[in-house]
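Lettering follows sequence order; numbering is per chain, from 1.
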Amino acid sequence: MEDNLVLEGLEVVYHKPDTLTEAPFHYCPGCGHGVAHRLIMEVVEEMGIEEQTIGIAPVGCSVFAYHYMKIDMQEAAHGRACAVATGVKRLLPEKYVFTYQGDGDLAAIGTAETIHTVNRGENLAIFFINNAIYGMTGGQMAPTSLCHQVTSTSPYGREEKAMGFPLKMTELVAHLPGAYYVTRQAVHTPNAVRKCKKAIRNAFEYQKENKGTCFVEIVSNCPSGWRLTPLDSQKWLEENMLPMYKLGDIKLPGKD
Amino acid sequence: MTKEPLKPREVKLMKGNEALAEAAIRAGMDAYFGYPITPQSEVLEYLTIEVPKRSGLVLQAESEVAAINMIYGASGAGGRVMTSSSSPGISLMQEGLSYIASAELPCLVVNVNRGGPGLGTIQPSQGDYFQSTKGGGHGDYRLIVLAPASVQEMADFVFDGFVLAEKYRGPVLILADGALGQMMEKVDLKAEGSLPKTVPSWATRGRSKDRDPNIITSLFIQPEKMEQINMRLQAKYKIIAEKEVRYEEYHTDDADYILVAYGLSARIVRKTVDLAREKGIKAGLLRPQTLFPFPSVRIAELAKHAKAFLDVEMNAGQMVEDVRLAVNGKTEVFFKGRMGGIIPSPEEILEELERIDEKIVAYQE
Amino acid sequence: MIKGTVKIATELCKGCELCIAACPQDCLTLTNNINLKGYKFVELKNDTCTGCTNCALVCPDAVFTVYRQPKASLKKAV
């Protein structure tokens, strides 16, 4: 009753997309995965393509993405999402196919599959969530961890001489002729979320053109892995992640 | 490229690898993903020539690891799919095969076995018996393993392999070897398009609004659920063991000595059986055509009357363990093997048989 | 002032407070109550909400449904 009184004369301007299931996300409080999941499924809903979309979940925190996304999905072995997606897309070229992968999955164990999938210009979308850490296994160093970043396997900080440099996969794949659209986005502010959603929309729309791989990196946070509160993690992201992983389009269709 | 009409039944002279590839097209294969490796590269080469003119799709992957995961994806999307490789490449595919077995995805995998371990040799071997028949990757699972012994069976088992894979929703392995892949023989090829195909209801092809999402996964994090999945797999393997055992016998009716061999070894042992019979030794051959399921029941029957078994393999003695399990102490089981890509001769197997015969006769006297 | 409001699925809220920081009207607050998952959850603390959707955009758990006065009725009011 009270609700109705308050809401009288008002229209819904935002609601959780029907393409997400009722299941509550298992992610830690403040984790960007939930936003990224939601944005992808908002785009799928708005384009009306839930019957034509197949998603590939990775190994990592988002291994259970198929619990939340109300579409047909496959769960790939660690790092193999791009190969699995290739198999699906080659068999069903008229369908929309995307992978959803973290930095450990895509940029460490799955580096070869990622590069070759983009190099073949597979006509699919790759959503790459970069939070510079292995969240699922408890906060170990990732290939994208920053120099001097303290993790559970770089307890004295990532020393680049011994542990390598932060790997910029997005710049790397942008060099490949098979890449059609490459961009880096974030989900830490309302504006960043708006831009990110537009990028995700582009990645789906471009599949209609059949011109190559769309690669969307989403710089995200890991409050638990970073040992920070959600609010502090967003601040840390802005001060430390974004100088290394600059936001914006890296490769646009028709431009090199 | 303009498509050629469907091929009728034909008799041809072909290499084993090529006959297998041709059979795959004729069996309505939707997709092949593979990576070159000796001695099976002709499969990929043949398909890259023929598939564009015929049907399906072929893709050279960046690795065997990628190939088997493309198989996972395409099979999950409802395709009739195949990959092929040789021993080191098959080792790389084991992770994917474990996932495929758990997610219950039908597919056909071909191992043209070469000598190992390690990079090994490119010569024929049967060193991958354990890997093929005991699962191969992590976890409790099996592959149905078909063991051809001729170019004809290289072709026929492709059809049988797809049928079994789809019937039991799981991976089927054709375990050949370098010699079978490379040898040329006459082969009677089935007509193209003769194998019926249906789109499975569980495939991920886009969720229609009248159903829940289809999920292909091998992750069942609750132990109770994981145990249920395991029990379902084991129940399936039990049915397979009861219904799908295949073997061929040669002169076993009155045999004192049962030689057990599969694939290329069985061709050689067949000759040994003839040579032995010329010398008055009553030998017979049991050739498993399925290595999983294994013809244990038939071997147990033969063990009631045989004086001894001689298991012959091109390895250090792998199938012999399954023969011993089946014989279960009822009689002696001997082993003769060559390793590292060496093929035994019928004569050296005969010598082994004669030694066994002398020992048994002396013991009986 | 544009009139808006939000409905909050409090059982899904994990109290991360990202929405509170994103709200330009300062109309959200963390309650001292605890939901079934054991988290403090957010609620509206006043009626200054404009229905800008910022809270919903940054919310990792999709707890918000946002309502706003339709544009047509806005014009009428002016």
Region of [X] that comes under 4.5 Å of a non-hydrogen atom in chain A:
X: B:Ile71; result: neither
X: B:Leu57; result: side chain
X: B:Ile68; result: neither
X: B:Ala103; result: neither

What donor-acceptor contacts under 3.5 Å connect chain A and chain B, backbone and side chains included?
unit_1   : atom_1 : unit_2   : atom_2 : d
A:Glu51  : OE2    : B:Lys209 : NZ     : 3.3
A:Tyr66  : OH     : B:Thr217 : OG1    : 3.1
A:Lys70  : O      : B:Arg207 : NE     : 2.9
A:Lys70  : O      : B:Arg207 : NH2    : 3.4
A:Asp72  : OD1    : B:Arg211 : NH1    : 2.8
A:Asp72  : OD1    : B:Asn214 : N      : 2.7
A:Asp72  : OD2    : B:Arg205 : N      : 3.2
A:Asp72  : OD2    : B:Gly206 : N      : 3.1
A:Asp72  : OD2    : B:Arg211 : NH2    : 2.8
A:Met73  : N      : B:Asn214 : O      : 3.0
A:Met73  : O      : B:Ile216 : N      : 2.9
A:Gln74  : NE2    : B:Gly73  : O      : 3.1
A:Gln74  : NE2    : B:Thr204 : OG1    : 3.0
A:Glu75  : N      : B:Ile216 : O      : 2.7
A:Glu75  : O      : B:Tyr72  : OH     : 2.5
A:Lys95  : NZ     : B:Arg205 : O      : 2.5
A:Arg120 : NH1    : B:Glu62  : OE1    : 2.9

Between the side chain of A:Asn221 and the main-chain N/O of A:Cys31, is any donor-acceptor distance below 3.5 Å?
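No, the answer is negative, given that no donor and acceptor are paired below the 3.5 Å cut-off.
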Name the option with the most non-hydrogen atom pairs under 4.5 Å to chain A; the candidates are B:Ala66, B:Ala74, B:Gly76.
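Between B:Ala66, B:Ala74, B:Gly76, the count favours B:Ala74.
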How would you list, by chain and number, every residue that makes a ring pair (Phe, Tyr, Trp, His ring centres under 6.0 Å) with A:Phe204, sequence neighbours excluded?
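Only A:Phe98, A:Phe127 meet the ring pair (Phe, Tyr, Trp, His ring centres under 6.0 Å) criterion with A:Phe204.
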Partner residues of B:Phe157 under the ring pair (Phe, Tyr, Trp, His ring centres under 6.0 Å) criterion, sequence neighbours left out:
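In terms of ring pair (Phe, Tyr, Trp, His ring centres under 6.0 Å), with neighbours along the sequence ignored, B:Phe157 is linked to no residue.
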Which pair of heavy atoms, one from A:Ile250 and one from A:Ala174, lies closest together, and at what distance?
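Reported closest heavy-atom pair: CG2-CB, 3.5 Å.
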Could you check B:Met82 against B:Val110 for side chain to side chain contact (heavy atoms under 4.5 Å, CB included), going step by step and ending with a plain yes or no?
CA-CA 8 Å; B:Met82 182 175 96; B:Val110 181; 4.3 Å; yes
Are A:Asn130 and A:Ile218 close enough, and set up right, to give a side chain to side chain contact (heavy atoms under 4.5 Å, CB included), and what steps lead you there?
CA-CA 6 Å; A:Asn130 175 11; A:Ile218 301 171; over 6 Å; no
Side chains of A:Gln140 and A:Thr153: do they bring a donor and an acceptor to under 3.5 Å?
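The criterion, which ignores hydrogens and geometry beyond distance, is not satisfied for A:Thr153 and A:Gln140.
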Do A:Asn131 and A:Ser220 have a side chain donor and acceptor closer than 3.5 Å?
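No, no side-chain donor-acceptor pair sits under 3.5 Å.
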Contact leader toward chain B among A:Ile56, A:Leu92, A:Val63, where contacts are heavy-atom pairs under 4.5 Å:
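Max contact count across the listed options: A:Leu92.
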Using the side-chain hydrogen bond (donor to acceptor under 3.5 Å, both in side chains) criterion, which residues pair with A:Tyr181? Sequence neighbours excluded.
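Expected list: A:Asn202.
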